[in-house]
Undergrad: 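Have a look at this one.
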Amino acid sequence: MTKEIEYYTTIDDKCPYLEWFSTLSREYQSKVIKRINRLEDGLYGDCKKLTNSSLSELRLHFGKGYRIYFKELDNVIILIIAGSDKSDQKRTIKQADKYLEEYLNRSNNNDN
């Protein structure tokens, strides 16, 4: 089943995931793009639901142990929220949870 990939943006139009992505080397960017493309095709690969969070993480086995945090919405849209490596994983997950909460609040307000 094909998924739609959406990238979270803050109220002031910043995209935390793309900001992280832009710091990667071209080689790693290419690998990340391939992984996101597989995700879009419904091929999750090494992925797990996080404990104490409603997010999931894609685990990438190159570089510094990169992670991409996302939330699947309505079994169709995958909201890519943030990326990190193992060194700042806890901080990034905490911030990504806040971003998701803000996104859901905005979405609910737009529905009303």
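Everything quoted here is computed from the prediction, not taken from an experiment.
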Undergrad: Does Val32 reach the side chain of Phe62, with side-chain heavy atoms less than 4.5 Å apart?
TA: yes
Undergrad: Could you pull out all residues at least two apart from Asn105 that satisfy side-chain contact (heavy atoms from CB on, under 4.5 Å)?
TA: Glu101
Undergrad: Between the side chain of Thr92 and the main-chain N/O of Asp88, is any donor-acceptor distance below 3.5 Å?
TA: yes
Undergrad: If you define the side chain from C-beta out and look only at heavy atoms, does anything of Arg26 sit under 4.5 Å from Ser30?
TA: no
Undergrad: Would you check if the side chain of Arg35 reaches a backbone N or O of Arg59 as a donor-acceptor pair within less than 3.5 Å?
TA: yes
Undergrad: Applying side-chain contact (heavy atoms from CB on, under 4.5 Å) to Ile81 and Phe70, what does each step give before you reach the verdict?
TA: CA-CA 5 Å; Ile81 299 176; Phe70 70 96; 5.7 Å; no
Undergrad: Could you walk me through whether Ile80 and Leu39 pass side-chain contact (heavy atoms from CB on, under 4.5 Å), step by step?
TA: CA-CA 11 Å; Ile80 305 288; Leu39 184 64; 4.0 Å; yes
Undergrad: Would you check if Phe21 and Tyr28 make a side-chain contact, meaning some heavy-atom pair closer than 4.5 Å?
TA: no
Undergrad: Does the side chain of Tyr99 come within less than 4.5 Å of Pro16's, by heavy atoms?
TA: yes
Undergrad: If I take atom OG1 from residue Thr23 and atom CG from residue Leu18, how far apart are they, to the nearest 0.5 angstrom?
TA: 11.0 Å
Undergrad: Using the rule given for side-chain contact (heavy atoms from CB on, under 4.5 Å), can you reason through Glu4 versus Glu40, listing the C-alpha separation, both sets of side-chain angles and the distance that settles it, and then say yes or no?
TA: CA-CA 6 Å; Glu4 180 182 333; Glu40 192 172 27; over 6 Å; no
Undergrad: For Lys3, what residues pass the salt bridge (charged side-chain N to carboxylate O under 4.0 Å, His left out) criterion, not counting sequence neighbours?
TA: Glu72
Undergrad: Less than 4.0 Å between a side-chain N and a carboxylate O, is that true for Glu102 and Lys98?
TA: no
Undergrad: Answer whether the closest heavy-atom distance between the side chains of Leu50 and Ser56 falls below 4.5 Å.
TA: no
Undergrad: Check whether more than 12 heavy atoms from other residues, nucleotides or ligands sit under 6.0 Å from atom CG of Asp12, and answer yes or no.
TA: yes
Undergrad: Taking Arg67 for its side chain and Gly65 for its backbone only, find out whether a donor-acceptor pair lies under 3.5 Å.
TA: yes
Undergrad: Determine whether a donor-acceptor pair (N or O, by modelled atom type, separation under 3.5 Å) exists between the side chain of Asp41 and the backbone of Leu43.
TA: no
Undergrad: Please name the pair of heavy atoms, one in Asp97 and one in Asn52, separated by the smallest distance, quoted to 0.1 Å.
TA: OD2-O, 4.3 Å
Undergrad: Which pair of non-hydrogen atoms, one from Ser54 and one from Leu100, has the smallest distance, and what is that distance?
TA: OG-CD2, 3.2 Å
Undergrad: Please evaluate residues Tyr103 and Leu79 with respect to the criterion side-chain contact (heavy atoms from CB on, under 4.5 Å), reporting the C-alpha separation (whole Å), side-chain torsions for both, the decisive distance (0.1 Å), and the verdict.
TA: CA-CA 10 Å; Tyr103 173 88; Leu79 179 68; 3.6 Å; yes
Undergrad: Would you check, one step at a time, whether the test side chain to side chain donor-acceptor pair (under 3.5 Å) holds for Tyr69 with Ser84?
TA: CA-CA 8 Å; Tyr69 304 101; Ser84 74; 3.2 Å; yes
Undergrad: Check Cys15 against Tyr7 and note the closest heavy-atom contact, atom names and distance.
TA: SG-CB, 3.9 Å
Undergrad: Is the closest side-chain heavy-atom distance between Asp46 and Leu58 below 4.5 Å?
TA: no
Undergrad: Does any N or O in the side chain of Thr10 come within less than 3.5 Å of the main-chain N or O of Lys14, such that one atom is a donor and the other an acceptor?
TA: yes
Undergrad: Take a 6.0 Å sphere around NZ of Lys49 and say whether it holds more than 12 heavy atoms from other residues, nucleotides or ligands.
TA: yes
Undergrad: Would you please indicate yes or no on a ring centroid separation below 6.0 angstrom for Tyr17 and Tyr8?
TA: no
Undergrad: Evaluate the side-chain proximity of Ile78 to Leu73: yes if any heavy-atom separation is below 4.5 Å, no if none is.
TA: no
Undergrad: Apply salt bridge (charged side-chain N to carboxylate O under 4.0 Å, His left out) to Glu19 and list each qualifying residue two or more places apart in sequence or on a separate chain.
TA: none
Undergrad: Report yes if the side chains of Ile33 and Asn37 come closer than 4.5 Å at any heavy-atom pair, otherwise no.
TA: yes
